[in-house]
Every structure is written in C-alpha cells, then in structure tokens.
Asks: 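Below is a structure I'd like to ask you about.
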There are 2 protein chains.
Amino acid sequence: MVLSTKDKILAKALILFNEQGSDFVTVRHIASELGISHGNLCYHFANTDVIIEALYQQLVDKLNELTKEMTGLSENQLTILYQLSYRSFEILYQYRFLMLDFVRIMRRIPAIKLHFKALMQIRQEQFTYIIASMQSNSFIDIPEKNIAPLIEQALLFGDFWISRAEILFDGNEQEKIAYYHKTFYALFEPYLCDNADW
Amino acid sequence: MVLSTKDKILAKALILFNEQGSDFVTVRHIASELGISHGNLCYHFANTDVIIEALYQQLVDKLNELTKEMTGLSENQLTILYQLSYRSFEILYQYRFLMLDFVRIMRRIPAIKLHFKALMQIRQEQFTYIIASMQSNSFIDIPEKNIAPLIEQALLFGDFWISRAEILFDGNEQEKIAYYHKTFYALFEPYLCDNADW
DNA sequence: TAGAATTTAGAACAAATGTACTAAAAGTAT
DNA sequence: ATACTTTTAGTACATTTGTTCTAAATTCTA
C-alpha cells in the first residue's frame with residue numbers, strides 16, 4: 001500500500017509531534033524527515049496548524065467510529081464502559097501530542113477549541129446517560145449529588161493521564177495505558193454494587 | 001515598597017506567562033512591557049528558561065511554606081486536608097502557566113522535571129500519611145486496594161484542573177477555584193465516615 | 001501523444017529571536 | 001574625589017521560521 005504525499009506528511013508529523021511536542025516541530029523538520037522539500041509540504045499543508053487540525057480530525061473520527069461500534073454491542077453497560085474507555089485510552093495515546101500540548105493547541109487554533117468544547121458537552125451527556133442507565137439496572141448506586149463531580153473527574157482524568165504519565169511513569173506504552181486505565185476505572189469502584197458481576 | 005528590577009521582571013513575566021503561555025513570551029516582550037531594554041533584562045536573566053525556573057522556585061517555596069503552616073494547626077485532619085488543598089489550589093492558580101504548559105516546560109527544562117518528580121514523590125507520601133492517619137481516626141474508611149488509585153487521582157486532578165478550566169470553565173477566578181476544589185474534594189467523599197463531622 | 005493540471009524543488013524575503021558585545025550611566029566604597 | 005562595580009541601553013549578528021514565488025517535473029486526461 002502506497003501512501004499519498006498528504007498521508008505520508010500526516011503520518012510523519014504525528015510521529016514527530018508525539019516525540020518532540022507540537023512546537024519544536026516545523027514544516028521544515030517534517031519535510032526534511034520525509035526527504036521532500038518544504039515548498040512541497042507547504043503546497044499540501046500551508047503550515048503546522050493545518051496539519052494539527054487534520055490530525056485532530058483523524059482522532060475525532062476514530063473515537064466516533066469506536067463509539068458507534070461499541071454501542072452496538074449487547075454486553076452489559078459496565079463491560080461496555082470498561083472496554084470503551086480502554087480503547088479510547090489507546091486511541092488517545094496514538095495522538096498524545098494533542099493532549100500533551102492541550103492548552104497551547106487550543107489557544108493557537110480556535111477551531112479546535114470550539115470543536116473540543118462541543119465534544120466535551122457530548123461526552124458529558126454520554127456519561128450522564130450511561131450512569132443513569134447503570135443506575136436503573138442496579139449496577140451502580142451513586143448518590144445524586146455525586147454524579148456531576150464523578151463525571152467531571154472522569155473527563156478530566158481521561159484528558160490528562162497522558163500528560164502525567166509522560167513525566168512520571170516509567171514503563172512501556174502498554175503498561176502505561178493499562179495502569180492509568182485501571183486508575184481511571186477505580187473512580188467508579190466505590191459505587192459498584194455487588195451484583196455488578198463481570 | 002519599591003521592587004528591584006529582578007523582581008519587577010519576575011512579576012511581569014508571571015503575568016505575561018499566565019496570559020499568553022510560556023512560549024509567545026520572549027525576553028523582548030517582557031522588557032518591552034516593562035519599558036526597559038532587553039539587553040538589561042538579559043543581564044538579570046539570560047533567557048526565559050531562567051525566568052521560568054525562578055518562578056517555579058517561587059511556587060515551590062510558597063507551597064512549602066503553606067504546608068509548614070498547616071501542619072502546625074490543631075484542627076482535625078479532614079479540615080486540614082480541605083483547607084490545605086484549597087489554599088494549594090489558590091497558589092497553583094497564581095502560577096498557572098506552569099500547569100498550563102506542563103509538559104512543554106518539563107521537556108524544555110530538565111532541572112524542573114527532576115525537581116517535580118521528586119516533589120510528586122513527597123506529595124504521594126504526604127497523602128499516604130494523611131489517609132492512613134484519617135483511617136486510624138475513623139474519619140474515613142478506604143479499602144486497602146483503593147488507596148493507591150485514590151492518591152493517583154487526587155494528584156492528577158491537582159495538577160490538571162487548571163488546564164481543563166482554562167478551556168471549559170466560564171466564570172471568574174474565585175468561582176473556578178471553588179468549583180474545581182469542590183470536585184477535587186468529592187474524590188474523597190465516597191469514603192467519608194459519618195463521624196467525619198465538619 | 002499533446003496539452004492541461006498537479007506536484008515538486010528550490011530560491012528569496014521579511015520578521016522574530018537568542019545571544020553577545022560595547023559603552024554609557026548610576027551607584028558604592030575607600 | 002577617585003577608582004571600582006553594577007546596572008542599563010542600544011547595536012549587531014547568526015539562526016530559524018513562515019511565507020511566497022518561480023520554474024521544472026510529473027501525472028492525468030482527452
């Protein structure tokens with residue numbers, strides 16, 4: 001399978017962004033790594049911000065696809081929550097520079113900031129729905145006043161575990177994801193009912 | 001009270017960093033805002049990294065002072081945990097650019113990264129101690145296996161609530177701090193005992 | 001195959017930045 | 001008052017970067 005120049009640029013940019021951060025990496029670096037001229041690169045993507053937007057879109061598409069796939073499953077909601085979050089963690093890690101440079105990117109690229117705010121709104125509603133649904137199935141038992149904080153905690157953790165791991169975690173990628181996902185899931189554990197078997 | 005040039009530089013740099021992020025702000029910007037030459041500024045601080053290190057040191061000093069002050073109190077540990085975290089949140093917010101540009105700064109300035117890793121180690125031990133202490137006083141009741149995840153969650157939240165707030169929270173500074181601190185404190189609520197009166 | 005569209009390489013330019021240097025000004029100590 | 005140190009302003013230079021432009025090469029299409 002042969003990648004188009006556009007795709008090659010995106011793939012290489014993702015690697016460099018993840019390794020070095022979204023600043024430090026310029027159109028010239030990416031072009032140089034690919035062995036093409038930066039003039040050519042700028043023909044496809046005017047600047048690094050455009051590349052970042054394209055990669056962000058890739059991430060969103062992958063997450064949407066995952067959500068669609070998982071909601072079709074017939075497993076119980078607890079299992080779905082577990083697997084959905086695990087696979088989300090894996091996908092997020094692929095695009096980790098977006099999380100590592102979170103604020104900087106949002107400040108620089110208003111389009112991404114707007115989209116992200118909307119995305120968070122949706123995710124919050126999804127969480128609310130899943131929790132209500134688990135509540136009614138007696139998988140979990142959460143006092144009403146604890147629901148909103150729990151969702152906030154979960155969303156925040158989901159966005160920033162990668163940043164913390166980048167500085168503090170010693171271990172390979174798989175261990176990293178597994179460890180932080182386990183810690184993430186532990187947010188819900190105090191509320192699990194006994195009949196939440198899985 | 002007249003500030004020395006050094007202190008004026010640090011104060012202005014803090015403002016600019018918080019507003020615009022630690023990149024975008026250069027020695028020339030800071031000098032220009034202060035109405036001094038950048039040559040003069042570089043006489044005091046060779047470059048922005050040195051300024052960032054100095055501000056980081058200010059933050060650490062303030063947090064240490066707070067810790068010392070609070071451990072001298074005779075209140076119960078739950079109250080201390082509450083107040084210590086609240087005032088830590090306030091101090092962190094003063095130096096929020098350090099958290100907003102967390103990964104970037106750690107990557108750029110190895111000295112800060114090393115120090116921060118050591119600091120996290122200490123904070124983890126402090127948390128462990130406080131929790132064990134509250135446990136023995138029957139303020140809280142946490143299953144052994146939930147302690148480590150809870151501490152990890154608390155430390156992660158403490159570091160990154162500012163980043164999340166920067167993008168998503170609409171409201172003034174005091175509301176922001178109060179909201180996120182409340183959410184932070186909610187991490188402990190599932191484990192509070194009834195006799196944890198306050 | 002001829003012509004058109006797309007893709008590519010490379011040069012050129014302006015702006016910004018870190019860094020170093022010089023010399024003047026201000027302050028301090030003897 | 002004189003010599004010395006610290007502080008300040010301003011200049012200069014090399015590098016990097018984003019951006020634009022030109023022309024050649026390649027691919028596509030009819």
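Quick caveat, the model's predicted, so the values are computed rather than measured. All chains are named by letter (A, B, ...) in the order of the sequence lines, taking the proteins before the strands, and each is independently numbered beginning at 1.
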Asks: In whole angstrom, what separates B/Ile30's CD1 from C/dA16's C1'?
Replies: 15 Å
Asks: Can you confirm if the NZ or CZ of A/Lys6 lies within 45° of the ring axis of A/Phe45 and under 6.0 Å from the centre of its six-membered ring?
Replies: yes
Asks: Does this structure show an ion pair linking B/Asp170 with B/Lys176, if we count only N-O contacts that are shorter than 4.0 Å?
Replies: no
Asks: Among B/Tyr95, B/Phe97, B/Phe160, exactly one meets ring-ring contact (aromatic ring centres under 6.0 Å, His included) together with B/Phe102. Which residue is that?
Replies: B/Phe160
Asks: Grab the CG-C1' distance between B/Leu41 and C/dG18 for me, whole Å please.
Replies: 12 Å
Asks: I need the NZ-P distance between B/Lys6 and D/dT6, as an integer number of Å.
Replies: 12 Å
Asks: Take atom CG of A/Asn40 and atom P of C/dG10, then tell me their distance rounded to the nearest Å.
Replies: 11 Å
Asks: At under 4.0 Å, does any side-chain N or O of B/Tyr43 touch on OP1 or OP2 of D/dT8?
Replies: no
Asks: What's the closest nucleotide to the A/Ser37 side chain, out of C/dT17, D/dT17, C/dG10?
Replies: C/dG10
Asks: Measure all distances between protein nitrogen or oxygen atoms and nitrogen or oxygen atoms of nucleotides 18-27 of chain D, and list the pairs falling under 3.5 Å.
Replies:
from	atom 1	to	atom 2	distance (Å)
D/dG18	N7	A/Arg28	NH1	2.6
D/dG18	O6	A/Arg28	NH2	3.1
D/dT19	OP2	A/Asn47	ND2	3.2
D/dT19	O4	A/His38	NE2	3.1

Asks: Sequence neighbours excluded, which residues qualify as ring pair (Phe, Tyr, Trp, His ring centres under 6.0 Å) partners of A/Phe24?
Replies: none
Asks: Between A/Glu152 and B/Thr183, do the side chains contain an N or O donor and an N or O acceptor separated by less than 3.5 Å?
Replies: no
Asks: For A/Phe24 and D/dT16, give me the distance from atom CZ to atom C1', rounded to whole Å.
Replies: 13 Å
Asks: Between B/Thr5 and D/dT8, does any side-chain N or O lie under 4.0 Å from OP1 or OP2?
Replies: yes
Asks: Measure up the B/His181 and B/Phe89 rings against each other and bin them: parallel (under 30°), tilted (30 to 60°), perpendicular (over 60°).
Replies: perpendicular
Asks: Can you measure A/Phe45 atom CZ to C/dT7 atom C1' for me and round it to whole angstrom units?
Replies: 14 Å
Asks: Would you please test A/Thr67 and A/Asn64 for side-chain hydrogen bond (donor to acceptor under 3.5 Å, both in side chains) and show each step?
Replies: CA-CA 5 Å; A/Thr67 304; A/Asn64 282 342; 5.2 Å; no
Asks: Can you tell me how far P of C/dT6 sits from CD1 of A/Ile36, to the nearest Å?
Replies: 19 Å
Asks: To the nearest Å, give me how far apart CD1 (A/Ile9) and C1' (C/dT7) are.
Replies: 11 Å
